[in-house]
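Reviewing the structure listed below.
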Amino acid sequence: MSAVNGGLSAERVAALLEQERESYRRNHAGSERVHREAVHLLGGVPFHWVNAYAVPFPLAISQADGAHLVDVDGNPYHDFGLSGTAAMGGHHGSVLREIIEQDVPGPGVVTGWTTEDAGPIGAQLAQRYGLERWELTLSATEANRAAIRLARAITGRPDLIAFRGAYHGSLEELHPTAPGSAPGIGAAVRMLRFNDPEGLAGALANERVAAVIVEPALTNGGGVALPDPEFVTALNVLTKRHGTLLIVDETQSGAAGYRGASHELGIEPDFLTLGKSLAAGLPIGALGMREAHADAVVRVLEASPGGRWTLAGYGATVTAGPLTLRAARTYLTEVMTPEAYDRMNQLSQELSVRLAQTIARFDLPWRVGTLGAILGLSFSEEPIRDGDAARAPDPVPGLRDYLFIALLNRGVLVGNLGGYIVVSPTNTERDIDAVVHAFDETLRCLRE
Ligand SMILES: Cc1ncc(COP(=O)(O)O)c(C=O)c1O
């Protein structure tokens with residue numbers, strides 16, 4: 001028997017994983033039918049990521065409300081995955097229903113014009129994130145694409161710096177080894193280690209770098225990697241010194257608080273990008289910029305090949321329609337209030353302490369990192385400091401998959417990586433008790 005990581009046995013994890021898969025098959029006949037019958041969809045799903053979960057076939061959801069889901073078989077779930085923060089405020093079926101019933105007959109769904117909601121959204125974003133000018137996009141990926149493109153246009157420089165283990169969406173130049181990539185697509189990108197100020201200094205020195213794109217903290221792997229104060233200083237000071245723009249991607253780290261993680265951690269963005277939950281779940285992204293860059297951006301747009309602000313290399317016809325704008329305004333002003341962030345963070349702190357106590361009780365060398373509403377589990381007692389550690393393979397094959405499916409079978413959904421939990425302001429103490437209970441049972445099985 002092989003035993004590592006607190007004495008866990010690889011054979012036991014493999015056997016438990018198979019047991020949980022079997023139990024999933026037994027209790028999800030309806031989900032299996034939905035999957036099987038979608039014969040004209042690639043892989044039986046509307047979008048290939050849906051097949052990425054560690055289950056034999058994906059859940060088919062029939063109801064979503066607050067922080068709870070029900071599948072077509074009638075199984076209820078506490079949803080602590082919240083679509084990777086895209087549903088961070090909770091599932092807002094009721095908010096959207098009200099908007100659709102009352103407001104859609106008004107300005108409509110998509111018109112290609114603006115509405116009275118647009119200005120107040122800009123004002124909300126400016127007040128929260130401290131950047132004066134904003135543009136909305138269709139997704140966070142597109143906000144990042146726009147930021148990078150504009151940074152290159154403004155600085156006249158070719159290169160981009162990003163950090164291993166971060167995620168900025170499905171930008172082709174940041175996924176140069178994906179099948180079908182154009183030759184040389186990633187040639188202008190330097191991938192550095194997060195939390196390495198010297199590496200950053202070296203890479204900026206050639207004065208060819210248009211932008212550094214960074215997540216304030218890494219949460220897209222296992223655990224949470226927070227930036228060291230020296231790294232924060234390097235990001236702020238060195239980018240300014242070398243005339244490089246600092247793009248801070250707050251798409252996920254925005255869960256840290258009302259003003260985002262960059263405010264909490266002292267990072268000073270030139271451009272800031274957002275997305276995911278911003279329009280209560282409707283597709284949206286946002287790009288904020290300092291006043292100092294706004295004129296240069298306008299000049300870029302005016303000079304774009306389509307003339308009059310068109311064909312600048314980003315944008316989509318269905319961007320920021322009236323329905324999306326109304327949802328975003330409602331979400332920002334009525335759902336994600338300062339009180340909502342306080343509640344969410346207080347619950348996530350409580351959950352993090354209780355999960356750590358459970359881990360200690362089972363004598364496992366694991367750690368729970370937190371960034372506001374996000375909790376990340378890593379399989380080491382040492383804090384995670386960079387993306388290489390965050391994306392390290394499981395110490396026992398299948399461990400994260402086991403945790404994911406065992407929790408699911410006990411009524412708790414977490415992020416696909418088995419340790420990535422998102423708390424919502426709609427959660428109650430009972431939801432927190434439910435996760436702790438399910439986690440306790442899941443670890444008990446591992447230890448038996
Ligand atoms: C930090 C970060 N940036 C950008 C994105 C891209 O978001 P989307 O896929 O909604 O465009 C993600 C998605 O997970 C993200 O976590």
Side-chain angles (χ1 to χ4, degrees), residues 1-14 16-17 54 80-81 84 163-167 191-197 199 215-231 252-253 255-256 261 265 348-407 412 414-423 435-436 438-448:
M1 292 258 284
S2 50
V4 285
N5 196 250
L8 291 181
S9 137
E11 290 79 359
R12 174 134 190 93
V13 171
L16 285 174
L17 183 55
F80 282 87
F163 297 95
R164 293 196 296 281
Y167 183 69
M191 297 299 296
L192 303 184
R193 194 170 79 78
F194 190 77
N195 266 332
D196 178 8
E215 283 189 83
L218 303 181
T219 56
N220 269 307
V224 172
L226 294 170
D228 299 335
E230 301 74 43
F231 186 58
Q252 194 145 286
S253 59
L265 297 164
S348 80
Q349 283 306 324
E350 180 192 331
L351 179 56
S352 136
V353 169
R354 292 181 62 188
L355 292 181
Q357 285 166 347
T358 308
I359 290 168
R361 219 175 34 257
F362 287 99
D363 199 20
L364 286 160
W366 299 354
R367 183 182 185 92
V368 180
T370 55
L371 179 75
I374 299 177
L375 281 73
L377 178 68
S378 49
F379 299 124
S380 154
E381 279 161 332
E382 294 304 309
I384 295 287
R385 298 196 56 251
D386 60 32
D388 302 333
R391 303 215 172 199
D394 291 2
V396 180
L399 184 56
R400 278 194 194 276
D401 287 354
Y402 163 70
L403 292 175
F404 175 78
I405 190 167
L407 290 171
V412 173
V414 297
N416 200 22
L417 293 164
Y420 169 25
I421 289 175
V422 183
V423 178
V435 191
V436 173
F439 192 61
D440 186 286
E441 268 193 36
T442 298
L443 297 196
R444 189 178 308 281
C445 291
L446 268 181
R447 279 299 194 205
E448 264 165 13

**Message:** Run the side chain to side chain contact (heavy atoms under 4.5 Å, CB included) test on Leu403 and Leu377 for me, step by step, so that the C-alpha distance in whole Å, both residues' side-chain angles and the decisive distance to 0.1 Å come before the verdict.
**Reply:** CA-CA 11 Å; Leu403 292 175; Leu377 178 68; 3.7 Å; yes

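- Remark: the backbone N or O of Cys445 is paired with a side-chain donor or acceptor of Arg12 at under 3.5 angstrom.
- Taken to the nearest 0.5 Å, the CD1 atom of Ile374 stands 7.5 Å off from the OG atom of Ser253.
- Closest approach of Val13 and Pro397 over heavy atoms only: CG1-O, 3.5 Å.
- Looking only at distances, a side-chain donor or acceptor of Arg447 sits under 3.5 Å from a matching main-chain atom of Phe362.
- Between Val414 and Phe404, the closest side-chain pair of non-hydrogen atoms falls below 4.5 Å.
- Counting heavy atoms from C-beta on, the side chains of Ser348 and Leu375 come closer than 4.5 Å.
- Residues Ala261 and Leu371 share a closest heavy-atom pair of CB-CD1, 4.5 Å.
- No side-chain heavy atom of Ile384 sits under 4.5 Å from any side-chain heavy atom of Leu218.
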**Request:** Give the intermediate values and the outcome of side chain to side chain contact (heavy atoms under 4.5 Å, CB included) for residues Arg385 and Phe231.
**Result:** CA-CA 11 Å; Arg385 298 196 56 251; Phe231 186 58; over 6 Å; no

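- Annotation: ring pair (Phe, Tyr, Trp, His ring centres under 6.0 Å) contacts involving residues 363-382, sequence neighbours excluded, comprise Trp366-Phe379.
- The CD atom of Gln357 sits 9.5 Å away from atom OG of Ser352, with the distance rounded to the nearest 0.5 Å.
- Atom CG of Leu16 sits about 10.0 Å away from atom CG of Leu8, to the nearest 0.5 Å.
- Here the two rings, on Phe80 and Phe439, have centers that are 6.0 Å apart or farther.
- To the nearest 0.5 angstrom, Asp394 atom CG is 9.0 Å from Asn5 atom CG.
- Between the CG atom of Leu407 and the OG1 atom of Thr442 there is a distance of 4.0 Å, given to the nearest 0.5 Å.
- Inter-residue side-chain proximity for Leu265 and Pro227 is flagged as met; some heavy-atom pair is nearer than 4.5 Å.
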**Request:** Show your working on side chain to side chain contact (heavy atoms under 4.5 Å, CB included) between Leu355 and Leu351 and close with a plain yes or no.
**Result:** CA-CA 6 Å; Leu355 292 181; Leu351 179 56; 3.8 Å; yes

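- Annotation for Gly165 and Asn220: closest pair O-CB, 4.4 Å, computed over non-hydrogen atoms.
- Side-chain atoms of Arg164 do not come within 3.5 Å of backbone N or O of Asp388 as any donor-acceptor pair.
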**Prompt:** For Leu446 and Leu399, what are the C-alpha separation, side-chain angles and deciding distance, and is it a side chain to side chain contact (heavy atoms under 4.5 Å, CB included)?
**Reply:** CA-CA 10 Å; Leu446 268 181; Leu399 184 56; 4.1 Å; yes

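- For Tyr167 (side chain) and Glu215 (main-chain N/O), no donor-acceptor pair under 3.5 Å exists by modelled atom type.
- Taking 4.5 Å as the limit, every side-chain heavy atom of Thr370 sits out of range of all side-chain heavy atoms of Val224.
- At least one donor-acceptor pair closer than 3.5 Å links the side chain of Asp386 to the backbone N or O of Ala389.
- Note on residues 361-382: pairs passing salt bridge (charged side-chain N to carboxylate O under 4.0 Å, His left out), not counting sequence neighbours, are Arg361-Asp440.
- The closest donor-acceptor contact from the side chain of Asn195 to the backbone of Asp228 lies under 3.5 Å.
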